[in-house]
Amino acid sequence: GSDTNGLAVFCRLNSTATQYDDLIFGITMFDTTAITAGATITSAIWKVYLVAHQSAFGGNLVVTGSDPASATAIANSDYEARTTGDGAKQLAADVLFSSLTDAAYNNITLTDLSEVTAAGITQMGCMSDWDFDNVNPGAAAFVDQVQFNSHEGVNTPILTVVWSAA
């Protein structure tokens, strides 16, 4: 099916086998060219508007770096890069799916600012901790998922960066 709200993190287990049926990795890209080259970045908050979520596994949302092949489009191959390179870098503390608020912006403070790109495009991803840690929570017909608004329409993702010029 189609995802009309864009950015999503989703994992679902098959009810008869200890394997995932679905894993979806969300990618966001932000134009951070206004941050001058050589700037000192002191903090960043990733703000995403949550449409809906489920937390049957009791899992966590993990915010990571991201390495899409293009800064203007996302390809199927970008999913494979989710746990290599920048995608393997956790940028914030785990956020319990159950702690997220529907129909509201959820603010996640970045603890690793290395992926905030001055004078460029900042790329970030998000996934379930089950996927990030490569852990199978067992056989069950459960779902951990969050669905955020995309870059289109209202309540788009926001990256707020505090920085000072070099």
Taking C-beta and beyond as the side chain, do Leu61 and Phe97 meet within less than 4.5 Å on heavy atoms?
-> yes
State, with a plain yes or no, whether a side-chain heavy atom of Leu96 is found less than 4.5 Å away from one of Asn60.
->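 In short, these two side chains touch, coming nearer than 4.5 Å.
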When clusters are formed by joining ILVMFWY residues with side-chain heavy atoms under 4.5 Å apart, either directly or through shared neighbours, do Leu159 and Ile41 land in the same one?
->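 Shared cluster, yes.
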Common cluster, Val48/Tyr105, ILVMFWY with side-chain heavy-atom separation under 4.5 Å = no
Taking [Y]'s backbone N and O only, do any of them form a donor-acceptor pair with [X]'s side chain (distance below 3.5 Å, no angle check)?
X	Y	value
Tyr49	Pro157	no
Thr32	Gly120	yes
Thr42	Val162	yes

Minimum heavy-atom separation for [X] to [Y], with atom names?
X	Y	answer
Ala44	Val116	CB-CG2, 4.1 Å
Ala166	Ala37	CB-O, 4.4 Å
Leu100	Leu50	CB-CD2, 3.4 Å
Ala104	Asn106	O-ND2, 3.1 Å
Val62	Ser128	CG2-C, 4.3 Å
Ser43	Leu113	N-CD1, 3.8 Å

Quick one: [atom1] on [X] to [atom2] on [Y], what's the gap to the nearest 0.5 Å?
X	Y	atom1	atom2	answer
Ile108	Met124	CD1	CE	8.0 Å
Asp102	His53	CG	NE2	5.0 Å
Leu91	Thr109	CG	OG1	12.5 Å
Trp46	Thr28	CH2	OG1	5.5 Å
Trp163	Thr40	CH2	OG1	10.0 Å
Met127	Phe132	CE	CZ	6.5 Å

Before giving the answer on side-chain contact (heavy atoms from CB on, under 4.5 Å), spell out for Glu115 and Leu110 the whole-Å C-alpha distance, their side-chain angles and the decisive distance to 0.1 Å.
-> CA-CA 10 Å; Glu115 294 300 307; Leu110 301 187; over 6 Å; no
